[in-house]
Amino acid sequence: MDKIRIRGGHKLNGVIRIGGAKNAALPLMAASLLTDEALVLSNVPHLADITTMANLLGQHGVKVSLEGHSGDDGHAGRTISLAAGKITNTKAPYDLVRRMRASVLVLGPIVAREGEATVSLPGGCAIGTRPVDIHLSGLEALGAEIEVEAGYIRASAPKGLRGAQYVFPKVSVGATENLILAACLAQGETIFENAAREPEITDLCECLIAMGAKIDGVGTAILTITGVDRLHGAEHAIMPDRIEAGTYAMAAAITGGTVELEGARLDHIDAAAAHLRKTGTMIETCNGGVFVSRENTDLRSVDVETDPYPAFPTDLQAQFMALMATARGTSVITETIFENRFMHVPELQRMGAEVTLQGNTATLRGVDQLHGAPVMASDLRASASLVLAGLAADGVTEVRRIYHLDRGYERLEEKLRIVGADVERVEDS
Ligand code: UD1
């Protein structure tokens with residue numbers, strides 16, 4: 001197994017190209033199940049989770065073909081064609097689903113198209129219990145019968161799904177996506193209230209509309225979907241990864257450097273940008289992306305609370321904590337989305353961070369200097385937080401279990417090296 005070795009203390013300087021968003025790509029790939037024509041997605045990131053979804057779709061009968069690179073330097077994302085002429089298998093097995101929680105996104109489209117779907121209960125990052133009850137109650141509202149038995153969810157609607165009014169009891173990104181996918185082929189009108197509003201959901205809706213779906217209220221918490229008999233193929237470019245962009249913005253800030261995030265969209269990371277500005281970091285739109293710089297200013301402590309979009313994303317909480325570990329003063333970080341998303345704390349403490357935990361709140365007293373140490377990644381974004389801490393620390397940091405990183409960050413060490421970091425991937429002996 002590989003590990004990442006970082007010799008800290010180098011300011012980042014240069015251009016980092018931001019890839020396509022993993023969290024947009026996964027539901028978009030699942031959308032291919034809704035039509036017998038090809039869905040062609042460009043700007044697809046090269047990540048382990050994308051391969052897992054491609055394998056899952058493949059075993060449902062989707063013809064998956066990689067159509068080379070969509071950019072000219074070989075690094076600008078790939079194009080993938082997904083053609084579900086016939087769904088040959090409506091079951092998503094444990095072996096594939098356990099690798100990635102987002103696999104459950106095949107449930108809505110398969111039951112909508114085939115009248116039946118059986119999907120293993122998902123696994124994924126160890127950041128809380130993460131149930132799928134909302135996905136299931138929403139499908140029930142659309143007329144599906146749901147049974148959960150022996151680790152599998154079986155949804156059936158032999159006469160097809162029916163439009164309904166459904167109020168999400170809690171904002172859920174995945175459940176909103178699953179139910180949007182399902183409602184596109186339901187008979188009649190569906191009204192969703194308290195839907196998640198993440199940009200990835202807007203990206204999904206835009207692609208579905210290009211495939212012939214009728215969706216009103218895109219980008220808001222109330223979505224009205226008028227079911228259609230069939231959807232057709234389309235071409236769609238996946239939005240840039242806002243979490244990758246936010247992570248590298250924080251990497252620039254923690255090292256006191258200056259980077260341009262090529263292809264990133266500042267309007268997708270407004271809340272994170274507002275917090276970065278309060279730390280003393282400059283962040284603004286520039287030609288073709290986002291410009292981030294913190295030169296000659298001290299990092300100031302800022303409190304943060306995670307909440308659904310457009311508030312500060314939980315997926316940037318761990319990275320922001322690394323930043324606050326070296327800021328002047330005290331900051332309070334409150335995690336409201338997941339109940340167990342502080343697993344990076346003991347690892348950051350090994351590097352000298354002063355953090356106390358109480359319930360869903362972490363209080364940090366910034367230290368002058370973090371120190372390199374061997375640390376262990378526990379989940380995807382926690383891994384990124386340890387890398388950021390390593391960039392700012394003195395000495396050598398080695399991050400183990402980086403398969404978590406490979407699920408969500410494309411060529412991380414290469415991108416960081418380009419802007420001057422001393423980072424390498426080495427075999428863990
Ligand atoms: C998605 C993102 C993930 C991000 C999260 C929150 C993808 C592939 N993953 O995950 O990176 O951290 O949104 O922004 O897009 N919940 C329930 N019942 C359900 C569904 C969710 O109680 O049926 C709870 C979850 O346990 C969690 C909260 O709702 O506490 C939000 O989860 P959700 O928005 O569904 O996250 P994911 O879609 O899994």
Side-chain angles (χ1 to χ4, degrees), residues 20-31 45 47-50 52-53 56 97 99-108 119 121-141 146 148 153 155 166-182 192 194-204 221 238-239 241-244 246-247 268-269 271-272 305-320 334-344 360 378-385 404-405 407-409:
K22 166 182 87 80
N23 285 356
L26 297 172
L28 284 165
M29 290 172 77
L47 295 168
D49 275 9
I50 302 295
T52 302
M53 184 56 102
L56 181 61
V97 175
R99 291 175 204 205
M100 182 180 70
R101 179 179 161 81
S103 308
V104 75
L105 292 173
V106 302
L107 183 65
V119 176
L121 284 165
C125 278
I127 55 174
T129 46
R130 301 182 88 177
V132 288
D133 55 319
I134 304 172
H135 299 242
L136 304 187
S137 75
L139 281 177
E140 267 173 345
I146 306 283
V148 180
I153 305 158
Y166 180 73
V167 183
F168 287 88
K170 180 176 186 180
V171 178
S172 161
V173 176
T176 301
E177 292 164 346
N178 220 340
L179 295 176
I180 290 173
L181 289 162
F192 290 130
N194 199 31
R197 289 180 284 161
E198 268 66 4
E200 291 77 10
I201 292 173
T202 300
D203 207 33
L204 174 65
I238 295 169
M239 62 172 268
D241 195 317
R242 66 193 168 99
I243 304 302
E244 187 190 25
T247 300
H268 285 169
I269 52 169
E305 177 178 310
T306 64
D307 271 307
Y309 190 84
F312 191 97
T314 176
D315 284 352
L316 286 174
Q317 178 258 107
Q319 300 88 316
F320 197 74
T334 308
E335 170 60 52
T336 73
I337 308 287
F338 293 110
E339 74 271 26
N340 187 20
R341 206 171 199 181
F342 281 142
M343 284 180 299
H344 41 287
N360 67 343
S378 54
D379 69 63
L380 169 54
R381 307 304 171 185
S383 325
S385 142
H404 291 294
L405 266 181
R407 289 187 50 202
Y409 289 94

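Whatever order the structure lists ligands and atoms in, that order sets their numbers, starting from 1.
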[X] side chain vs [Y] backbone, donor-acceptor pair below 3.5 Å:
| X | Y | result |
| --- | --- | --- |
| S385 | A318 | yes |
| D203 | A24 | no |
| N178 | G108 | yes |

Min N/O separation [X] to ligand 1 under 3.5 Å:
| X | result |
| --- | --- |
| S172 | yes |
| R101 | yes |
| G174 | yes |
| N23 | yes |
| P131 | yes |

Among V173, V132, I134, which residue places a heavy atom closest to atom 1 (C) of ligand 1?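 Minimum heavy-atom distance to atom 1 (C) of ligand 1 goes to V173.
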Look at atom 32 (O) of ligand 1 and find which of F338, F168, Y309 reaches it with the closest heavy atom.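 Nearest option to atom 32 (O) of ligand 1, by heavy atoms: F338.
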Enumerate the atoms of ligand 1 whose separation from the nearest heavy atom of [X] is less than 4.0 angstrom.
| X | value |
| --- | --- |
| D315 | 3 (C), 4 (C), 11 (O), 12 (O) |
| D133 | 17 (C), 18 (N), 19 (C), 22 (O), 23 (O) |
| T314 | 6 (C), 12 (O), 14 (O) |

In the structure I gave you, are the side-chain heavy atoms of [X] and [Y] within less than 4.5 Å of one another anywhere?
| X | Y | answer |
| --- | --- | --- |
| Y409 | D241 | no |
| P45 | I50 | yes |
| H404 | S378 | no |
| E177 | I201 | yes |

Looking at H344, R341, E305, which one forms a side chain to side chain donor-acceptor pair (under 3.5 Å) with Q317?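 With Q317 as partner, H344, R341, E305 yield a single side chain to side chain donor-acceptor pair (under 3.5 Å), made by H344.
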Using heavy atoms and a threshold below 4.0 Å, how should the contact between [X] and ligand 1 be classified: side chain, backbone, both, or neither?
| X | result |
| --- | --- |
| K170 | side chain |
| I337 | both |
| E200 | neither |

Going by the rule salt bridge (charged side-chain N to carboxylate O under 4.0 Å, His left out), which residues pair with E335 if we only count those two or more places apart in sequence or in a different chain?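 E335 satisfies salt bridge (charged side-chain N to carboxylate O under 4.0 Å, His left out) with no residue once adjacent residues are dropped.
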Can you list the residues that meet the salt bridge (charged side-chain N to carboxylate O under 4.0 Å, His left out) rule with D49, with sequence neighbours excluded?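 Testing D49 for salt bridge (charged side-chain N to carboxylate O under 4.0 Å, His left out), a comparison that skips the adjacent residues, returns K22, R407.
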Any R341 heavy atom less than 4.0 Å from ligand 1: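 Yes, R341 has heavy atoms under 4.0 Å from ligand 1.
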Is the closest heavy atom of P313 to ligand 1 under 4.0 Å?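 No.
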